[in-house]
Number of protein chains: 2
Amino acid sequence: MNSELIDSLVIDGQTRIIFLIMDGLGGLPKGERRLTELEAARTPNLDSLARESVCGLLDPIAPGITPGSGPAHFALFGYDPLKYNVGRGFLSAAGVDFPMDRRDLYARVNFATVSKDGLILDRRAGRIDTETNRRLCQRLSETVRLSADVQVFFAPEKEHRALLVLRGDDLHEEIADTDPQQLGVLPLSPRPLADRAKRTALLLEELLIQAGGVLAAESRANMILLRGFARYRPFPSLAERFRLKPLAIAAYPMYRGIAQLLGMDVLRDVDTLAAQFAALKNYYDRYSFFFFHVKGTDSSGEDGNYDRKVAAIEEVDSYIPTVCALKPDVLVVTGDHSTPAALAAHSWHPVPALLSAATCRPDEVDRFGERDCLRGGLGRMPTMNLMALALAHAGRLTKYGA
Amino acid sequence: MNSELIDSLVIDGQTRIIFLIMDGLGGLPKGERRLTELEAARTPNLDSLARESVCGLLDPIAPGITPGSGPAHFALFGYDPLKYNVGRGFLSAAGVDFPMDRRDLYARVNFATVSKDGLILDRRAGRIDTETNRRLCQRLSETVRLSADVQVFFAPEKEHRALLVLRGDDLHEEIADTDPQQLGVLPLSPRPLADRAKRTALLLEELLIQAGGVLAAESRANMILLRGFARYRPFPSLAERFRLKPLAIAAYPMYRGIAQLLGMDVLRDVDTLAAQFAALKNYYDRYSFFFFHVKGTDSSGEDGNYDRKVAAIEEVDSYIPTVCALKPDVLVVTGDHSTPAALAAHSWHPVPALLSAATCRPDEVDRFGERDCLRGGLGRMPTMNLMALALAHAGRLTKYGA
């Protein structure tokens with residue numbers, strides 16, 4: 001799908017589109033069961049929706065490719081995930097509402113515990129509390145000073161996670177992660193991956209020495225690990241591209257960050273599913289596109305907890321009637337990627353999807369599950385195609401060519 | 001599908017390919033019925049063909065994209081519809097057999113009725129007859145003179161539709177339509193959409209003033225509306241690309257125009273289905289590729305007439321035995337796009353397709369319908385892939401690579 005093509009065909013409309021995204025929805029059988037989490041879940045409401053909808057399976061990036069949350073969401077919103085891939089640091093910056101500047105270089109920070117010899121003992125510093133995180137970020141921001149004309153900011157996220165921002169000229173993102181992703185070894189150096197990033201790498205080495213000094217007295221968070229280096233880049237908004245007025249209803253900062261990058265309005269204080277669905281109803285008249293993000297399906301999958309993922313799906317199912325009562329012109333239910341509990345990780349498996357609209361051509365799917373979706377009218381297609389389809393069913397795309 | 005790849009593998013053959021294109025074939029349920037037009041139609045001959053064929057669903061451009069007739073047909077013939085998109089004016093010029101020149105700029109003309117104040121009262125001038133159209137085109141061609149060294153031709157199509165040709169140097173197609181597509185407003189000006197088209201826009205303004213003068217005394221056709229500006233461009237022919245000797249059997253000028261652009265021979269005076277199928281038989285020995293275009297399925301769909309579209313499909317079905325009696329090496333039955341009566345317009349829904357050849361791998365489809373085709377061996381694929389498949393089954397493509 002050519003994204004310029006979609007953009008060139010967009011027309012105004014009064015219609016409303018809801019994307020109900022169950023993070024990590026796709027699954028696998030686990031143990032004795034021959035059913036995926038979605039197939040095992042009792043989902044009478046999603047099943048009845050599936051009967052009236054067109055179903056299928058989506059490949060977030062391409063068959064065999066396991067996506068991170070960033071590219072998987074970009075694809076959902078019709079942004080080519082190969083073109084719009086960005087480092088984790090960038091998503092962190094957006095997620096914590098950091099006031100971004102075009103000269104910025106971002107990185108994701110993990111506070112970590114290292115031994116006297118500098119060997120990594122805990123990559124998450126015992127999951128220090130957010131208050132400690134905030135105190136340490138403030139001290140680092142005040143103390144660390146680089147030789148060059150480069151400003152340094154540390155901003156706290158949750159628990160052991162924070163954001164590092166370098167602001168200045170000639171900073172580059174081609175820097176290897178310093179997090180070796182294992183214990184008992186030294187952190188890696190911020191190795192330049194391109195010639196032009198050599199100066200940036202030297203600045204980061206200087207920064208890490210100073211940070212080690214600032215944190216030396218801490219019992220747990222006595223070092224930082226850096227990953228996901230990313231320069232600032234602008235994104236065209238959903239309003240510019242699709243003439244949509246979008247609202248994100250997401251409990252987790254990173255997804256709010258992604259939404260913010262794409263110019264969505266973002267709700268705060270929607271920490272439970274109940275609060276999220278109540279907000280959907282409250283704000284329904286004021287927006288034309290809703291990104292509704294469910295985290296529970298992914299976190300249970302990541303934890304390898306099959307039963308909890310089944311329960312998370314069933315909980316969402318119980319809210320489907322309240323969504324349908326809003327009578328959206330287009331309702332999409334899918335995930336950003338698969339997170340099978342059997343793998344306890346994101347995976348490359350295609351994601352079941354359902355699109356409900358008055359203009360759907362019926363298929364024979366009468367249950368919402370991976371196997372059922374194989375027989376669906378959407379077939380198997382790249383996730384990137386989804387937004388164009390949703391816009392088409394919402395009467396927001398005009399004809400291509402004479 | 002990479003079109004250069006196909007071309008590079010084409011070899012000579014004695015085989016014959018028929019593309020039986022039911023325009024707007026794909027449909028949707030309407031009213032009480034849960035069946036599309038094709039599913040509702042009694043099509044014993046197509047069903048029996050489907051049992052021996054490989055079936056599937058085709059996306060003319062991409063999921064969600066509603067195509068015009070031009071790009072939809074280009075895709076059928078293996079011409080990348082994004083690369084070969086052309087304005088309506090160009091298709092009109094080809095359709096009326098206008099002797100084209102590489103310096104030409106074309107536009108589609110609608111004769112229209114405007115009030116004393118210039119407000120549009122009827123965008124089709126009460127569908128004036130073709131004779132009046134011819135008289136007005138002749139008068140306009142004789143009278144309108146532009147200041148620059150640019151020739152002007154008006155050529156009649158049917159009823160209120162005509163073709164405008166400007167011939168000269170430095171003419172450009174980046175001009176907005178003057179047809180506002182609504183009543184009670186002034187025609188739009190021919191606004192330049194690129195800097196280089198500014199001079200062309202000025203010439204067109206001059207032309208519109210003169211045309212208004214020429215038509216002032218007419219009771220109905222007292223103004224013209226212009227749309228689909230397009231510069232001349234050459235197309236590689238089916239003979240060059242695929243070593244086929246192609247014949248188009250189409251009752252409507254625009255489809256003959258498309259065929260002509262692609263270097264097909266074009267039959268005239270085939271105004272009924274009976275005449276078209278008789279011509280197929282008569283010319284069968286002299287050509288290796290047949291583009292057989294059925295209009296009734298699209299026009300009934302555009303009119304929102306479900307029953308008439310069902311009947312049009314059933315009429316085509318009754319001729320299938322005469323087609324099969326010719327024993328074509330490859331017979332494809334599909335549409336260029338969907339035109340569901342429920343929408344009374346072209347749509348983005350994928351198009352059912354059937355390919356019959358001795359080398360088909362059997363699938364389990366035993367009826368020709370949208371839902372049935374979902375289980376077909378072609379799967380769901382871009383229409384662009386169809387020509388390569390047809391050539392392969394006709395033994396006209398060699399191996400790629402060693």
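Note that these values count all heavy atoms, side chains included, but never hydrogens, waters or copies made by symmetry. Here is how names work: the chains are called A, B, and so on, in the same order as the sequence lines, proteins then strands, and each is numbered from 1.
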What is the distance from atom OG1 of B:T66 to atom OH of A:Y400, rounded to the nearest 0.5 Å?
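If I round to the nearest 0.5 Å, the distance is 13.0 Å.
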
Would you check, one step at a time, whether the test side-chain contact (heavy atoms from CB on, under 4.5 Å) holds for B:D59 with A:N385?
CA-CA 12 Å; B:D59 284 297; A:N385 292 347; over 6 Å; no

Go through [options] and name the one with the most non-hydrogen pairs under 4.5 angstrom from chain A.
options	value
B:G87, B:G27, B:G26	B:G27
B:R375, B:R88, B:R371	B:R371
B:A230, B:P60, B:P71, B:G70	B:P71

For residues B:R34 and A:P362, report the shortest heavy-atom separation together with the two atoms involved.
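Taking every non-hydrogen atom into account, NH2-CB, 3.7 Å.
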
For B:G64 and A:A392, work out which heavy atoms get closest and say how close.
O-CB, 3.2 Å

Under 4.5 Å from a heavy atom of chain A, the part of [X] involved:
X	answer
B:L57	side chain
B:S347	neither
B:R108	neither
B:H349	both
B:P340	neither

Heavy-atom pairs under 4.5 Å with chain B, option from [options] with the top count:
options	answer
A:G377, A:G379, A:G376	A:G377
A:T398, A:L374, A:L378	A:L378
A:L9, A:D363, A:T359	A:T359

Of the backbone (N, CA, C, O) and the side chain (C-beta and beyond), which part of A:L391 lies under 4.5 Å from a heavy atom of chain B, both, or neither?
neither

Looking at side-chain heavy atoms only, is the closest gap between A:R361 and B:P350 below 4.5 Å?
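SC-SC contact between A:R361 and B:P350 confirmed.
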
Counting only heavy atoms not in B:R367, do more than 12 sit closer than 6.0 Å to its CZ atom?
yes

Inspect the surroundings of OH in B:Y252 and state if more than 12 heavy atoms from other residues, nucleotides or ligands are less than 6.0 Å away.
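Not more than 12 within 6.0 Å, no.
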
Can B:I65 and A:L397 be said to form a side-chain contact (heavy atoms from CB on, under 4.5 Å), step by step?
CA-CA 7 Å; B:I65 307 301; A:L397 287 186; 4.3 Å; yes

